[in-house]
Amino acid sequence: MKIIKRLISSAVAACFLAGATASVADIAIIVNPESGLNEADAKQIASAFLGKRGSIAGVSVTPVDQEEGQASRDEFYTKVVNKNASQLNAYWSRLIFTGKGMPPDQVSADAEVVEVVADELEMIGYVSPGAVDDSVKVILVVQ
Amino acid sequence: MERRVKSTRNAVKQNRSRLSDMSSRLKINGFFSSGVTLLDNEDFEFSQLDIDEDYSTSSVTKLGIQMTFQVSDDINVTGQLVAKGVDNYDVEAEWAYLSWDMTENFTARIGRQRTPYYLLSEYLDVGYAYPWTRPPIEMYSLPLNNTDGLAFLYDFNVADWNFGTHVYVGEAFGDVESLGGSFRLQNRGITFTAETGSWTLRLGYSNSEVKVASIVSGGSGEELLQGINGIDGVGGLKASIDTINANAALLGLDPIASIDKLPLDGIQTDYMSAAFTYDNGSLLVIGELSNLAVEDFIQPAGDGGYLMVGYRFGKWMPHITYSRFYTDSDNDKQVQDYIDAAVAAPGALGAVTRVGALAQGVPPAQAEALASAAIGNAVSGAEDLANGLAPLIQEQASITLGVVYDINSRVKAKFDVTKYDSFGEYNNYTIDPVSGAVSSTDLDGYGRFGLTDDGKASTANLDSSTTIYTFAIDAVF
């Protein structure tokens, strides 16, 4: 029940704030509040989301991705990872079909990312800053 | 009533979690390519991919489905089934393995995997994963691409660098149409990769110990083996030269250079490759150099490499690639030794016959006639063998101009034009049927291509280049 409440509240917050933040289109990297990770640079976050490393500064991280077509996803991959959707799919196809890696699990909205990250200690995600609430900790905002 | 609702809700919840559990345990991915290709020249064909002057769709079409089932937290089972037009859409398990993540950095795999000979070898069928409609054929035309066995993968990070090591051992087997036989290979190898920022570097070394399992009757492999080894040790170049030299020794004549039989097992094949890619999001550069060495056996082995540069403009990426291959001096010497032995044999046989006859008191004119007859009998076999071997000294170069268009994030359209030339020349040998004197003329080479066997191709008047045009649609899903 607690989760559902939070889900609704953050979804509502996201709706309200979406208009205000759309033009700025920053992207916030969030982790669990209990995580030992307090800051990270874009390179480290990119390599975590590309499956190249399982920890940042010695803290284990598990990325949660967003589905293709989500605005935050496009922002994140262009600004932080420096790959468009085609390049990203080409990258993952080289790993998936050689058994060298699988892309992170996906959810379908900023609010769900917040929910998952708030729930699990090692999760790391990206959302538009408007979706952030106090159930998660922001470690980097990329403009 | 309330209780019933509650329990229904719980059941739904459980059901959902079981469903999501299933769907996250089983992952299905796939890839697909299709298109059309042809080459512009009636003399040449690239039979490995069924490319000739008639347009073909089947040589571009491939479908792959991969299923990965997460058995437990650290163990998964993966199968990749691929159907290719060039193989009549027969479904082949290109990958079928169990993978165990022993630690966060260390993974062991058992089962069928693709052999990581070169940079692109493990995902050759996944057109979406590389910029061309097909990787440069100068390097990427190896037969038997799977290894059934064990692999160990170790990955680690040092600062901004990601390192990976892949060690494997196993066996491979199968028919190779172009060699007219079936083979068993004992494979082993190691690759290193290092990545940082836009750069990826890769080094690979593989070794195969090849055994000829069977030979297709009447095929090119049988011709070569029988021509040199004879049938059950009878006939063939090796036995002929041994007999000639034994007689030459008795008669006080100089022997001619001897050759070894072609081995049917223990053939050592070494693959080496060094590659890099640079991809900063806009500029894409891929380069690779390779060497293939085959010991004690006759194969067109040597050095290959390519350099590709592409630049992305939004959804478009034009690119250019230079690629080259030539059989190296070790290979050429090996081939030439057999050719020299074959063309020297009739003359030497004539000399032995003449001197032997004279020694037995046969009159000179009659001895000469006997010698000529012996030469005459040996000429056609020797010529066939030498002229069959000569095209194994090969070279070619190509330039590809291509463009990739992202139709959407999972589908690309590609168009490539590749001009192949610099085929060099090879010798065509003629042996005088009376004197045994050897002469040779230069013929234009045809590199990795074959000559069409419909009688249109004339070895004396080949075109010096050919161009392959390919349009393809590649998708991943």
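Numbered from 1 within each chain, the chains take letters A, B, ... in sequence-line order.
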Which answer fits [X], side chain, backbone, both or neither, if we ask what part of it has an atom under 4.5 Å from a heavy atom of chain A?
X      : value
B:K315 : neither
B:N29  : both
B:D160 : both
B:Q113 : neither
B:A475 : neither
B:R114 : neither
B:S198 : neither
B:Y97  : side chain
B:Q80  : side chain

Euclidean distance, [Y] [atom2] relative to [X] [atom1], rounded to 0.5 Å:
X      : Y      : atom1 : atom2 : answer
B:R312 : A:N84  : CZ    : CG    : 7.0 Å
B:W161 : A:S47  : CH2   : OG    : 13.5 Å
A:T98  : B:L120 : OG1   : CG    : 11.5 Å
A:Q87  : B:L284 : CD    : CG    : 8.5 Å
A:N89  : B:F477 : CG    : CZ    : 12.5 Å

Closest approach of [X] and [Y], non-hydrogen atoms and distance?
X     : Y      : answer
A:S86 : B:S409 : OG-CA, 3.6 Å
A:R53 : B:A159 : NH2-O, 2.8 Å
A:S93 : B:Y128 : OG-CD2, 4.2 Å
A:G54 : B:E104 : CA-OE2, 3.7 Å

**Asked** Take atom NZ in A:K137; do more than 12 heavy atoms of anything else shown fall under 6.0 Å from it?
**Response** yes
**Asked** Are there more than 12 heavy atoms of other residues, nucleotides or ligands under 6.0 Å from atom CD of A:E39?
**Response** no
**Asked** Within the distance-only criterion (no hydrogens, no angle test), does the side chain of A:N82 pair as donor or acceptor with the backbone N or O of B:N280 below 3.5 angstrom?
**Response** yes
**Message:** Is it the case that the side chain of B:R109 and the backbone of A:G99 share a donor-acceptor pair, with hydrogens and angles ignored and the cut-off at 3.5 Å?
**Reply:** yes
**Asked** Side chain, backbone, both or neither: which part of A:K52 has a heavy atom under 4.5 Å from chain B?
**Response** both
**Request:** Sort A:Q44 into side chain, backbone, both or neither according to what part of it lies under 4.5 angstrom from a heavy atom of chain B.
**Result:** neither
**Asked** So A:F97 and B:V476, side chain to side chain contact (heavy atoms under 4.5 Å, CB included) or not? Walk me through it.
**Response** CA-CA 10 Å; A:F97 298 117; B:V476 284; 4.0 Å; yes
**Heavy-atom check, side chain of A:R94 versus side chain of B:V126, under 4.5 Å** = no
**Item:** Greatest number of heavy atom pairs closer than 4.5 Å to chain A - which of B:E195, B:E94, B:R410, B:H166
**Value:** B:R410
**Message:** For chain A, which candidate among B:D125, B:N157, B:N76, B:D406 shows the most heavy-atom pairs at distances under 4.5 Å?
**Reply:** B:N157
